[in-house]
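For reference, the structure is listed below as structure tokens.
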Amino acid sequence: MKSKTSRVFAATPIAALSIAGLAACGGETAANCTNEILKDDATQVSVWAWYPAFEQVVDHFNETHDDVQVCWTNAGQGNDQYTKFSTAIEAGSGAPDVIMLEAEVLSSFSIRDALTDLSEYGVADIAGNYTEGAWSDVSSGNAVYAVPVDGGPMGMLYRQDILDEYDIAPPKTWDEFQAAAEKLQSEDAPGVLANFPTNGRAFNQALFAQAGSTPWEYDSANPQEIGIEVNDQASKDVLSYWQGLVEDDLVSTDDAFTADYNTKLVDGTYAIYLAAAWGPGYLQGLSDTDPEAEWRAAPLPQWDEANPVQVNWGGSTFAVTEQADDKEAAAMVAKEIFGTEEAWKIGIEEAALFPLWTPMLESDYFRDLEYEFFGGQKINDEVFLDSAQGYEGFTFSPFQNYAYDQLTEQLFAMTEGEKDADAALDDLQTSLEKYAAEQGFTQK
Amino acid sequence: MTTQATELDQATSRKLAASGSLLVRRRQRWGWLFVSPFLLIFALFLIIPLGYAFWMSLFTSTLATGTEFTGLANYVRAFNDPLFIEGILRVLAYGAVMIPTQLIVAIVAALVLDTLSTWVSKLSRLLIFVPYAVPVVIGALMWSFLYSPRFGPGATIFDAFGLQAPNFLGPDTIFFSLVNIVTWQWAGYYMVVVYAALRSIDPAIYEAARIDGANGLQTALQIKLPMISSSMVMVVTFALIGTLQFFTEPVVMQSIAQGSIDAAYTPNMYAFSLAFSYSQFNYASAIAFSLGILVFIGSFLFLFLTRKQSGLK
């Protein structure tokens with residue numbers, strides 16, 4: 001598919017430039033492990049991951065394995081880590097053996113021949129431990145590029161105290177959602193019902209997917225072909241709905257994940273936080289939370305209440321890199337590190353992760369877990385388990401970062417009133433088709 | 001006889017010259033030894049990476065079809081790339097506003113401090129210089145909080161006058177918000193350069209001017225400024241190069257104003273996004289090199305045009 005020699009050759013300067021940087025972040029040698037290696041003679045597998053409380057999970061793995069030990073490094077969160085990984089791929093060295101990747105970027109790395117196809121390493125044995133949607137997110141055709149870890153089935157977190165004050169019932173449909181926003185505005189509430197971030201990326205994508213949008217058609221078995229359809233009627237309808245809310249000032253349009261946004265999430269400016277299952281963990285991690293706040297969780301509003309559609313926002317996996325020395329051992333780590341009840345109890349209780357591993361997902365323990373943050377509500381049972389079971393999977397593009405950047409630009413142009421929802425999505429379609437052609441893809 | 005003598009003289013002088021040049025060459029050899037550590041580092045960390053980057057820019061790699069040698073095609077593409085051209089025009093617009101602003105602030109501050117000689121002037125000099133001592137990233141982060149509609153002092157100040165605070169991060173206002181940060185950061189540094197030049201002027205000249213009846217403003221405009229023109233050329237050159245390479249401030253501000261600052265806001269940011277976000281290392285090298293060439297031409301032209309003032313001629 002690609003000429004390996006010229007690639008390595010052309011990448012040497014990056015290697016030269018990045019030796020110092022990468023050596024500092026580590027990943028290859030034992031000396032750079034964040035955790036303690038318990039058995040010195042065992043094969044070491046280096047892992048990059050940014051899960052909260054991950055050290056305890058690593059320790060648990062190392063205690064229970066004699067021949068393989070995990071050497072863990074936190075190489076930054078999300079794009080910070082991807083930048084380092086991307087540089088290591090160009091350089092041909094410096095990548096870890098196992099790496100935490102969000103499901104949405106798997107294709108972006110597999111197309112660069114950076115990830116090992118795990119189907120050769122007995123990954124089929126554990127496929128039964130994951131839901132179909134979760135498994136389809138890590139597979140492309142017959143290839144499996146990662147082992148799922150946590151997911152982001154979407155739901156709606158809301159402030160019971162605020163909705164009660166204005167006598168609003170938690171909306172079950174998007175029509176009710178709009179009515180609730182109008183009521184809040186007509187009563188001169190100090191905040192708004194919710195926020196529509198133009199840089200929501202996977203969040204915006206999930207909203208479109210809920211209405212039936214499947215923008216990408218891509219299979220790594222046939223990597224030069226791609227189907228793009230971001231301006232379908234379903235997406236246009238969804239975006240027109242939000243454009244209406246934005247124009248009437250029924251929702252705000254703050255950039256997500258900024259300090260302003262974080263403050264507004266917890267100080268009551270937004271009455272509703274449309275969130276993934278990791279949202280409660282995110283909220284709890286923010287400072288200056290309003291002590292009076294009464295948070296509750298409910299299912300995501302639906303377009304058609306009779307036929308609910310579940311979508312996913314975020315979620316991560318463990319992939320084995322092509323640079324791994326001992327792929328067998330690396331694949332074993334990817335499969336087993338989050339493959340026990342003990343590891344998952346740490347993940348759930350300390351890090352607020354949402355498991356995709358079905359023995360835990362379907363356990364009574366997880367279903368009956370009561371969350372103090374939600375006033376003792378069993379949010380998994382009431383909201384997120386249905387959402388996770390109903391999720392059918394999603395195909396992302398091999399240039400997802402570019403696609404997201406373009407989406408952000410178009411949505412921003414729309415909220416600034418430069419164009420309407422239809423034009424924004426049509427322009428997005430044009431720019432993505434042009435990019436795909438430049439990158440040598442033929443379009444289906 | 002005479003001819004013989006001349007021949008002898010010539011032979012001696014030739015021998016002398018030969019031994020002399022041998023001495024010079026031997027000395028030169030030692031000289032090379034002394035500069036070799038520098039040359040080694042210079043080659044290792046500047047020439048070789050630059051050469052490799054140029055070599056890389058001659059290839060084209062796409063996601064679907066792999067890498068192939070395409071010669072200068074990436075450069076043709078770069079100078080026809082609307083995103084790159086827009087970025088260049090944007091940084092030029094920044095230069096047109098930012099450089100004069102910084103220069104005026106720096107010169108006025110330096111001239112005022114030059115006429116004072118109390119402890120107030122020492123303290124003010126330090127205070128004006130302090131922003132430069134703050135790391136660029138920290139400075140930009142700090143301003144991003146000051147601009148924030150929720151945490152920033154903007155709302156409070158405008159409220160006091162019964163006005164609505166402007167959105168400092170909107171697509172139209174972000175330009176001036178960034179100009180403000182850069183001016184805040186660099187004016188103090190340029191002030192120190194200008195101030196040092198002013199201090200090196202012989203005070204006897206001022207005395208002569210005073211005797212001739214020049215007032216303070218006349219002294220400043222007609223004596224001080226022309227005498228420090230070479231420092232000012234240096235300051236403008238620094239500012240010009242810095243502006244064309246504009247990167248850190250918009251990158252930091254991007255995290256709070258993604259709509260207003262896109263991935264190709266400045267040419268440097270474009271090269272960075274191409275390489276690390278879209279994994280197009282080859283095209284990114286071409287963009288970076290093209291920018292380098294433009295910066296070189298720009299600063300060369302500027303130095304050529306101001307060769308009289310800078311004393312380089």
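Residue numbering restarts at 1 for every chain, and letters A, B, ... go by the order of the sequence lines.
- Heavy atoms closer than 4.5 Å to chain B are found in the side chain of Asp267(A), but not in its backbone.
- A distance of 3.5 Å separates CZ of Arg112(A) from OG of Ser279(B), quoted to the nearest 0.5 Å.
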Start with the C-alpha gap between Gln280(B) and Glu438(A), add the side-chain angles, then the distance that decides, and say whether side chain to side chain contact (heavy atoms under 4.5 Å, CB included) holds. CA-CA 11 Å; Gln280(B) 295 186 41; Glu438(A) 271 172 20; 5.8 Å; no

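- Note: Phe276(B) CZ to Asn401(A) CG = 13.0 Å, rounded to the nearest 0.5 Å.
- Heavy atoms closer than 4.5 Å to chain B are found in the side chain of Thr408(A), but not in its backbone.
- Heavy atoms closer than 4.5 Å to chain B are found nowhere in Phe85(A), neither backbone nor side chain.
- Looking at Glu225(A), neither its backbone nor its side chain comes within 4.5 Å of chain B, counting heavy atoms on both sides.
- For the residue pair Thr263(A) and Phe151(B), the shortest heavy atom distance occurs at OG1-CZ, 2.8 Å.
- Applying the 6.0 Å contact sphere to CZ of Phe300(B) captures no more than 12 heavy atoms from other residues, nucleotides or ligands.
- Residues Ser277(B) and Asp405(A) come closest through the heavy atom pair OG-OD2, 4.4 Å.
- Contacts of residues 258-267 of chain B with chain A at a heavy-atom distance below 4.5 Å involve Gln258(B), Gly259(B), Ser260(B), Asp262(B), Ala263(B), listed in sequence order.
- Taking all atoms of both residues into account, the shortest heavy-atom contact from Phe145(B) to Ala259(A) is CE2-CB, 3.9 Å.
- Of the atoms belonging to Thr253(A), not a single heavy atom falls under 4.5 Å from chain B.
- Both the backbone and the side chain of Tyr402(A) have a heavy atom closer than 4.5 Å to some heavy atom of chain B.
- Closest of all the heavy-atom pairs between Asp260(A) and Ser148(B) is OD1-OG, 2.6 Å.
- Note: Thr258(A) OG1 to Leu169(B) CG = 9.5 Å, rounded to the nearest 0.5 Å.
- Under the 3.5 Å distance criterion, the side-chain polar atoms of Gln439(A) are matched with a main-chain donor or acceptor of Leu63(B).
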